[in-house]
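Notes for the one structure printed next.
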2 protein chains.
Amino acid sequence: MMTRQMAEGAARAAGRPRSEKAEKSIIEATLELIGEGVAVSELSIEGIASRAGVGKTTIYRRWSNKEDLVVDALTTLKPPIPPLEGDSVRDDLIAYLTVIREESRHTHTRCIMNIAMSDSERHPRLAARFDELAIQPRRAVMAEVLRRGIERGELRPDLDVEMAMAILTGAMLWHTKWSHRAADLRDDLAERIVDEALRGFRPR
Amino acid sequence: MMTRQMAEGAARAAGRPRSEKAEKSIIEATLELIGEGVAVSELSIEGIASRAGVGKTTIYRRWSNKEDLVVDALTTLKPPIPPLEGDSVRDDLIAYLTVIREESRHTHTRCIMNIAMSDSERHPRLAARFDELAIQPRRAVMAEVLRRGIERGELRPDLDVEMAMAILTGAMLWHTKWSHRAADLRDDLAERIVDEALRGFRPR
DNA sequence: TCGATACGCAACCGTCGCGTTTCATAATGC
DNA sequence: GCATTATGAAACGCGACGGTTGCGTATCGA
């Protein structure tokens, strides 16, 4: 991994090997802090070290700067992509949006998203990583659902898949971010979004 | 203004009055820095003072902390809401989304939005202010357009206005934030979003 | 056993921002 | 003129953090 500090391949293990546990707890602490709403610029190596029960040295030995560490930390995020094999496009989309909604309920996810969005200007590498790990896989899943729907004849053959994804995902994000009336966040939100959107997506 | 440091009403002007110019340049500098992508947590009074050509004292005399200052700065934002009196819902919506799109092209707007979104967890007052000044007026305009459309019979009478707004605005935000293919950001983006969305919004 | 490397910890220096104070100066009312 | 208040500039002590170094210890291969 480019961002890592040497001691990966060659190097010959001559002395005490690096503690796998230390590394894990460092990354864990980093993700925890991020999950608690600490912005990248506010993350301090000292804070991470103390949270991880680790010396600063141990961190600097592995990563030469904060951004490298955060990039590696994000890498460990394995977003669970739900398998969508329902009977209909409607079922799959509702299941998908429900997952998105549940995720964005948790502060952890929200903070990570915030970082991805707000620090994207100043930390393009972070943004790229986040996109690669979190956004793209979901896009792929959703695109596949929509394509299947087109094949099955549930959706218009000329449907712009990208546009459809933007409408569905955008509507959900908008609601979870800016909704002001509790009524808009009812449990059937995903269902209502999908039903409204599908009106225009189905063949006429 | 609650957040302001006294010397507003009573107090009797006994000595040298506070410089109106200094106050303006402080707020201006604050907005400039925010516009350049500096997060609230990274904003420093010193930085603002030096940018504004002002002593720190002058700032502390007026605001007791950073957040108060930023709140006041945001207050001066007067988002221009375009008058939407087109011939059709389609025209109005396209005009509206085009404005949103143009705004989000400019780094200034993007950064302010970033702050509003990412700092909303830690600075609820900021988020509330931003919502009041930037979000709500736009929501109102768009809701009015949609309601007019319903009255005119251009839109389904049972259309959920909130949902429609979420779909339209969400789709545009999603595109401008996460779009990866240049093709998705073509000049006719607003038009394409509106046309796709309206398919489901019109009476059948 | 020995050399090498990693470990946690503490100390270190340099930088930066905060919030305060002091200073000479400028603008106002009496 | 005189008292009063504001101004920009500079400096203060303080704490947080970065990044480095040394210490004593732990864990590896040879």
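Treat the numbers as computed from the prediction; the structure is a model and nothing was measured. Naming: A, B, ... by sequence-line order, numbering from 1 per chain.
Across every non-hydrogen atom of B:Ser19 and B:Arg62, the tightest pair is O-NH2, 3.0 Å.
Using a 4.0 Å cut-off between charged side-chain N and carboxylate O, B:Arg139 and B:Glu162 make a salt bridge.
Residue B:Lys66 places its side chain closer to C:dC18 than to any other of C:dT28, C:dC18, D:dT7. Among the nucleotides C:dG8, D:dC17, C:dC18, the one closest to the side chain of A:Val54 is C:dG8. Across C:dC18, D:dT7, C:dA27, the shortest atom-to-atom separation from the side chain of B:Ile45 is found for C:dC18. Nearest to the side-chain atoms of A:Arg18 among the listed nucleotides D:dC28, D:dA6, C:dA6 stands C:dA6.
No engagement by A:Ile59 is indicated, since no non-hydrogen atom pair under 4.0 Å with the nucleic acid exists. Residue contacts shown for A:Gly53 are limited to sugar-phosphate atoms, with no base heavy atom under 4.0 Å away. Nucleic acid contact class of B:Ile48 (heavy atoms, under 4.0 Å, all strands): none.
D:dC28 atom P lies 13 Å from atom CD of A:Glu20, rounded to whole Å. Atoms CH2 (B:Trp63) and P (C:dC18) sit 15 Å apart, rounded to a whole Å. Here the C1' atom of nucleotide D:dT20 and the CG atom of A:Asn65 are 16 Å apart, to the nearest Å. Atom P of nucleotide D:dG8 and atom NZ of B:Lys21 are separated by 9 Å, given to the nearest angstrom. In this structure, B:Glu67 places its CD atom 16 Å from C1' of C:dC18, rounding to the nearest Å. With rounding to whole Å, B:Arg61 atom CZ is found 12 Å from C:dT21 atom P. In this structure, B:Tyr60 atom OH and D:dA6 atom C1' are separated by 18 Å, rounded to whole Å.
No hydrogens or angles were tested; on distance alone, nothing pairs the side chain of A:Lys56 with the base of C:dG8 as donor and acceptor under 3.5 Å.
Taking the nucleotide of DNA chain C with the nearest heavy atom to each of A:Thr57 and A:Glu46, the more 5' of the two is matched to A:Thr57.
The phosphate of D:dG8 (OP1 or OP2) has a side-chain N or O of B:Thr58 nearer than 4.0 angstrom. Distances shown here put every side-chain N or O of B:Arg16 at or beyond 4.0 Å from the OP1 or OP2 atom of D:dT7.
Screening B:Lys66, B:Arg129, B:Glu67 against B:His123 for a side-chain hydrogen bond (donor to acceptor under 3.5 Å, both in side chains) leaves a single residue, B:Glu67.
For CG of A:Asp87, the number of neighbouring non-hydrogen atoms (other residues, nucleotides, ligands) closer than 6.0 Å is 12 at most.
Once rounded to the nearest 0.5 Å, the distance linking CD of B:Glu196 with CG of A:Leu159 reads 5.5 Å.
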